[in-house]
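Notes follow once the structure below has been shown.
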Number of protein chains: 2
Amino acid sequence: MPAPTSIRLPARSSAAVEDYLERILELINTKGYARVVDIAQSLKISQASVTNMVQRLDAEGLLKYEKYRGLALTTAGEALARNITRRHQLLTDFLKLLGLDDDVIYHDVEGMEHHISPPTVRAIEALTEQLQRHPALLVKVRKDIDEN
Amino acid sequence: MPAPTSIRLPARSSAAVEDYLERILELINTKGYARVVDIAQSLKISQASVTNMVQRLDAEGLLKYEKYRGLALTTAGEALARNITRRHQLLTDFLKLLGLDDDVIYHDVEGMEHHISPPTVRAIEALTEQLQRHPALLVKVRKDIDEN
DNA sequence: TCAAAAAGTTAGCCATGGCTAAATTAGTTG
DNA sequence: CAACTAATTTAGCCATGGCTAACTTTTTGA
């Protein structure tokens, strides 16, 4: 049997699952761990809700959870979380390029990110790259926005 | 009292409410009316669910509904529906410009449209206009996409 | 006109993903 | 090491927005 060349991602995750995974990865990256209380504070939801979801994510194989102890992302969970994070960052960069306010960007990305398919991600990626090479066009866009 | 110069839009609508209003306006524009059965078929949900929501939209003042008879958007409902439709069309046009497939566009717009605030709408509008004046840049973007 | 079909409604159910309150476990500290 | 505190878990609830099945109203056509 040949070595696997890619990681199998779960079929389709809900927006809630994606939000949890994204935040868990971020906590692990910044604090080194992600406790229930940390996740709850970060997502501004109750600890009870977090416990529930964490148990579900364990059942789905996206993380390993030991009751009262702690959790760690599985390979699949981490791969998924990285994908989600990359998409989030790309969208944020793109809207930033257009000159939008940080709070607007935060709000809109938070809502949109779960609904953008890989082809659209690639398209926005390509567009962002080209826009960065055409500052003059961006200047015009920002001026148009301000004039409204 | 001076004449009102603008229509008061409801505070904030759920994604479901927005989907209903958008589809109802579309049906009225194309068929001249929007029956429960039409809405149900168009949104691919049951007639029972539509009846429920239509009664709720009536209670919220977004449309006038007469049991067993029919419905008509109120001024507020139509204004909201037009806004939603305009945002939907703008997003579709934008993604089309990037060269994405119609089914991808349909899927992504359907998901994203409810999460994009007015400033971002304006920004994408301005960007779309500028991109239309720079076909060369769009060609490059589409080439980048294809190369991936 | 009147019976069958189509449309609409109601009742009751389900899943998702929140919540609070109360119970339990783990960690800390005098 | 006991007791207090913080963290976690459980139980039970709620809202949203779907569903099916059964019933009612409206429309249609022989």
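We name chains A, B, ... by the order of the sequence lines, and we start the count at 1 in each one. Both backbone and side-chain heavy atoms feed into the values below; hydrogens, waters and symmetry mates do not.
Distances shorter than 4.0 Å separate some side-chain N or O of A:Ser14 from OP1 or OP2 on C:dG17. Look at A:Ser46 and you'll find a side-chain N or O under 4.0 angstrom from OP1 or OP2 of C:dC19. Between B:Ser49 and D:dC19, a side-chain N or O to OP1/OP2 separation shorter than 4.0 Å is present. Between B:Tyr20 and D:dG18 there is a side-chain N or O to OP1 or OP2 distance below 4.0 Å. OP1 or OP2 of C:dT10 has at least one side-chain nitrogen or oxygen of B:Gln55 nearer than 4.0 Å.
In this structure, OH of B:Tyr68 is placed 11 Å from P of C:dG8, rounded to the nearest angstrom. Rounding to whole angstrom units, CZ of residue A:Arg69 and P of D:dA7 are separated by 15 Å. The NZ atom of B:Lys67 sits 12 Å away from the C1' atom of D:dC23 (whole-angstrom rounding). Following rounding to the nearest Å, A:Asn52 (CG) and C:dA15 (P) show an atom-to-atom distance of 15 Å. Atom CG in A:Leu71 sits roughly 15 Å away from atom C1' in D:dT9 (whole-Å rounding). Rounded to whole Å, atom C1' of D:dG18 lies 16 Å from atom NZ of B:Lys44. Distance, A:Asp58 CG to D:dT8 C1': 15 Å, rounded to whole Å. The CD-P distance, from B:Gln47 to D:dT26, rounds to 15 Å in whole Å.
A 4.5 Å side-chain heavy-atom check between B:Glu125 and A:Ile145 finds every atom pair outside the cut-off.
Comparing B:Gln41 and B:Ala48 by the nucleotide of DNA chain C that holds the closest heavy atom to each, the one mapping nearer the 5' end is B:Gln41.
In the set C:dT16, D:dG17, C:dG8, C:dG8 carries the atom at the smallest distance from any side-chain atom of B:Arg35. Candidate nucleotides C:dG18, D:dT16, D:dT9 were compared by shortest atom distance to the side chain of A:Ile45, and C:dG18 ranks first.
By the rule that hydrophobic residues join a cluster once side-chain heavy atoms approach within less than 4.5 Å of another member, B:Leu100 and A:Leu91 end up as members of one cluster.
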**OP:** Would you sort out whether A:Arg142 and A:Glu147 count as a salt bridge (Lys or Arg N to Asp or Glu O under 4.0 Å), showing the intermediate values?
**Re:** CA-CA 9 Å; A:Arg142 297 204 188 108; A:Glu147 280 169 5; over 6 Å; no

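Side chain of B:Thr74 to backbone of B:Gly61: a donor-acceptor contact under 3.5 angstrom is found.
The six-membered or imidazole ring of B:His134 lies away from that of A:His134, with a centre-to-centre distance of 6.0 Å or more.
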